[in-house]
Amino acid sequence: MSRFGMTRALARTTLTIGFAASLCASLQGCFLALAGAAGGTALVATDRRTVGSQTEDREIQVKALADLGKQLPDTAHVNVAVFNQRVLLTGEVPDDASKQKAESIVRGVTNVGSIVNELAVQPASSFSSRANDSYLEGRVKAELVAYKDISANNFKVVGERGTIYLMGLVTPQEGNIAANATAGVMGVTQVVKCYQYIKPEQTAVANAAASTAPAAAPAAEEPTVGAVPDAGVSSKPIEHQAPAPVTNSSATKPGNPGAL
């Protein structure tokens, strides 16, 4: 074969290999997208919030963050977490006026049911502090997965300066199990319960209906009809909050002595 022919053959081979590689990458991308969609569907299906409520929560968070960014001083560092139309504000603001203004801004966002304002009046936290909070959030989530008597998908975990805030639509016992599990994670300095309580007999109905039921309109003071407001929302350390009921399995993990 002439040198020209060999060059053309090599070019065709290179193009073929390149096309095959790009096709594989494209197909892999499609597969990952489908896998992500499937994973998202699974998470939606195991969340006790309705699909509509989850959508509203995302919209509230986006709107609140945008409004806060426009109206608060540049020195403010505010995080917004939303679960079932209850908004948790954490972070730091330069003065009490900014703290109250932040709450007023969020209260003006459509579909907000209630607000837990845990903003601290102090300089903004450091990058290392925020990185540690992200690390603690991951540790807590992993810890909750290990417990048999609760589903980690029913909890939202928020870390701020070593304090862990727990949100969720849970029974009092589930809430206490998760709080006590969180308190045992190394590095967590404080646990704050921001739950919305449901009765034990309501859990099966909530789990079954969550993926299909429309979102309920939030009430004037409490976003979830039928949920019992958590009178224990507090900044007190976990040892000063109501402990989990003592049972044979409420505080045991799979593999531990005494676990069911």
Side-chain angles (χ1 to χ4, degrees), residues 36-37 39-93 98-120 124-125 127 129-131 133-138 140-141 144 152-161 163-170 178 182 192-196 206 210-211 213-225 227 229-230 233:
T41 302
L43 285 176
V44 167
T46 56
D47 194 318
R48 284 178 180 162
R49 294 173 295 173
T50 65
V51 174
S53 180
Q54 293 178 60
T55 301
E56 285 184 354
D57 286 350
R58 287 191 292 269
E59 292 173 349
I60 290 171
Q61 183 183 39
V62 170
K63 176 64 174 173
L65 284 171
D67 290 351
L68 289 168
K70 294 175 183 176
Q71 301 181 50
L72 289 183
D74 292 339
T75 53
H77 161 239
V78 180
N79 295 317
V80 178
V82 189
F83 193 96
N84 210 41
Q85 290 77 63
R86 169 175 283 184
V87 180
L88 169 65
L89 299 177
T90 60
E92 305 81 31
V93 288
S98 296
K99 178 176 180 177
Q100 300 308 317
K101 184 176 182 180
E103 182 172 333
S104 178
I105 291 170
V106 174
R107 200 170 295 282
V109 176
T110 303
N111 292 324
V112 168
S114 63
I115 298 173
V116 180
N117 190 346
E118 288 286 300
L119 289 170
S125 59
F127 174 81
S129 175
R130 298 178 199 181
D133 289 334
S134 296
Y135 169 75
L136 288 178
E137 287 177 3
V140 169
K141 291 173 184 176
L144 297 183
N153 289 331
N154 292 329
F155 296 88
K156 180 181 284 291
V157 179
V158 179
E160 193 69 61
R161 301 186 308 279
T163 294
I164 295 294
Y165 298 86
L166 297 175
M167 307 179 77
L169 193 59
V170 297
T182 300
V192 180
K193 296 181 288 185
C194 302
Y195 301 129
Q196 293 163 282
S211 62
E221 296 297 330
E222 193 61 27
T224 305
V225 177
D230 183 4
V233 171

(request) Give, for atom CD1 of I60 and atom OG of S53, the distance between the pair rounded to the nearest 0.5 Å. (result) 8.0 Å
(message) Could you measure the distance from the CZ atom of R48 to the CZ atom of F155? Nearest 0.5 Å is fine.
(response) 7.5 Å
(request) State the CG-CG distance between L144 and N153, to the nearest 0.5 angstrom. (result) 10.5 Å
(request) With sequence neighbours excluded, tell me which residues meet side chain to side chain donor-acceptor pair (under 3.5 Å) with T182. (result) none
(message) If you compare all heavy atoms of A178 against all heavy atoms of Y195, which two are closest, and at what distance to 0.1 Å?
(response) CB-OH, 3.8 Å
(request) Nearest 0.5 Å please: distance from the CD atom of E59 over to the CD atom of Q85. (result) 10.0 Å
(message) I need the full list of salt bridge (Lys or Arg N to Asp or Glu O under 4.0 Å) pairs touching residues 101-111, with sequence neighbours left out, sorted by first then second residue.
(response) E103-R107
When the side chains of residues 66-73 are checked against the rest of the protein, which donor-acceptor pairs come out under 3.5 Å, sequence neighbours left out?
residue, atom, partner, partner atom, Å
D67, OD1, K63, NZ, 3.4

(request) Kindly say whether C194 contributes a backbone atom to a donor-acceptor pair with the side chain of R86 at under 3.5 angstrom? (result) yes
(request) Hey, could you give me the CG/CG distance between L88 and L119, rounded to the nearest 0.5 Å? (result) 8.5 Å
(message) Would you say that L166 contacts V192 through its side chain, given a criterion of any heavy-atom pair below 4.5 Å between the two side chains?
(response) no
(request) Apply salt bridge (charged side-chain N to carboxylate O under 4.0 Å, His left out) to E92 and list each qualifying residue two or more places apart in sequence or on a separate chain. (result) R161
(request) With sequence neighbours left out, write down each residue that passes salt bridge (charged side-chain N to carboxylate O under 4.0 Å, His left out) with D133, or none if nothing qualifies. (result) none
